[in-house]
Amino acid sequence: MAVFLVWTLDSGHQGQLLNILFVGDIFGSAGRKIVREHIGHVSQAHNVELVVINAENAAGGFGVTPQIAEDLFDLGADVLTTGNHIWDKRELIDYLNSVPADSPDRPRRVLRPANFQPGLPGYGVFEGTTESGVPYAVVNLGGRVFMNATNDPFHAIDDILKGIEAKVIVVDFHAEATSEKVAMGWYLDGRVTAVLGTHTHIPTADERVLPLGTAYQTDVGMSGPYDSVIGVDKDLVLRKFLTGMPGKFEAAKGNPKMCAALVTCDAVTGRASAIQRIVLGE
Ligand SMILES: [Fe+2]
């Protein structure tokens, strides 16, 4: 099953176009499998040059392991973003710490929210260059509404943008509240290429290019099993709602879909001209 929706801004801009594929939160083995199935042909069909994947739930629904990160890089990811589950797999900390800040190597390309407390392992920004030589930056931010405490993402991104020279800038805003995500979209309109929401695991139908050229979607949606409660076995979640008793959550498997956003931008200015929502099943 495929759903393609396009919202285009008639900007009349000149220059080389760059296609960016952003894959929403991979959840468990079902999510990894469906992404493996689709990421290659989608990237090829749309001549994608930059692939960003949110991988924070890729390991059984909780965190990401170094091996899974390596597998996702093998599938073509340039940068992996995460969120509140970044510390769930302890071995990832050694992986993040295995490279210096200026390294272009894979462990440096796994991001955690930039507005976490200073001094924690890992980084929230990666700056690189695409195969055709276009400089880009990916920024991972975490929300504060209905989430564990972090520093203010709005002031954090102001400081981060001062240090980025690339014009193509993709922001993964890993946040719970729709209002906080929409606000970030408006706050960054014209200052970054895309603000793409993650974390809530349900794709929203509001993809658009904002007036000053920033592609926006409140939540790209989970790449994982949709016969579930946001990825988790539905019976286990229902039992918890019905009884309040604690229980171990396990990743579901049924009805996997890959949810992604395809953003087209001017490679020189970084200004977005289109965003397309992608939902692909088996
Ligand atoms: Fe999350």
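Start at 1 and go down the list; that is how both ligands and their atoms are numbered.
For residue D25, no N/O/S atom approaches the Fe ion (ligand 1) to within less than 2.8 Å. At a threshold of 2.8 Å, the Fe ion (ligand 1) has a backbone or side-chain N, O or S atom of N84 nearer than that distance. At least one N/O/S atom of H174, whether from backbone or side chain, sits less than 2.8 Å from the Fe ion (ligand 1).
For the pair R144 and F146, the cation does not sit on the ring face, since its NZ or CZ is not both under 6.0 Å from the ring centre and inside 45° of the axis. The cationic atom of R109 (NZ for Lys, CZ for Arg) does not lie both less than 6.0 Å from the six-membered ring centre of F73 and within 45° of the ring axis.
Looking only at N/O/S atoms, H199 comes nearest to the Fe ion (ligand 1) through ND1. Taking the N/O/S atoms of E56 in turn, the shortest distance to the Fe ion (ligand 1) belongs to OE2.
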### R32/D71 under salt bridge (Lys or Arg N to Asp or Glu O under 4.0 Å): CA gap, chis, key distance, verdict
CA-CA 9 Å; R32 302 199 305 273; D71 292 345; 5.7 Å; no

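A salt bridge does not link K234 to D227: none of the charged side-chain nitrogens sits closer than 4.0 Å to a carboxylate oxygen. D158 has a carboxylate O that lies under 4.0 Å from a charged side-chain N of R191, or vice versa, which qualifies the two as a salt bridge.
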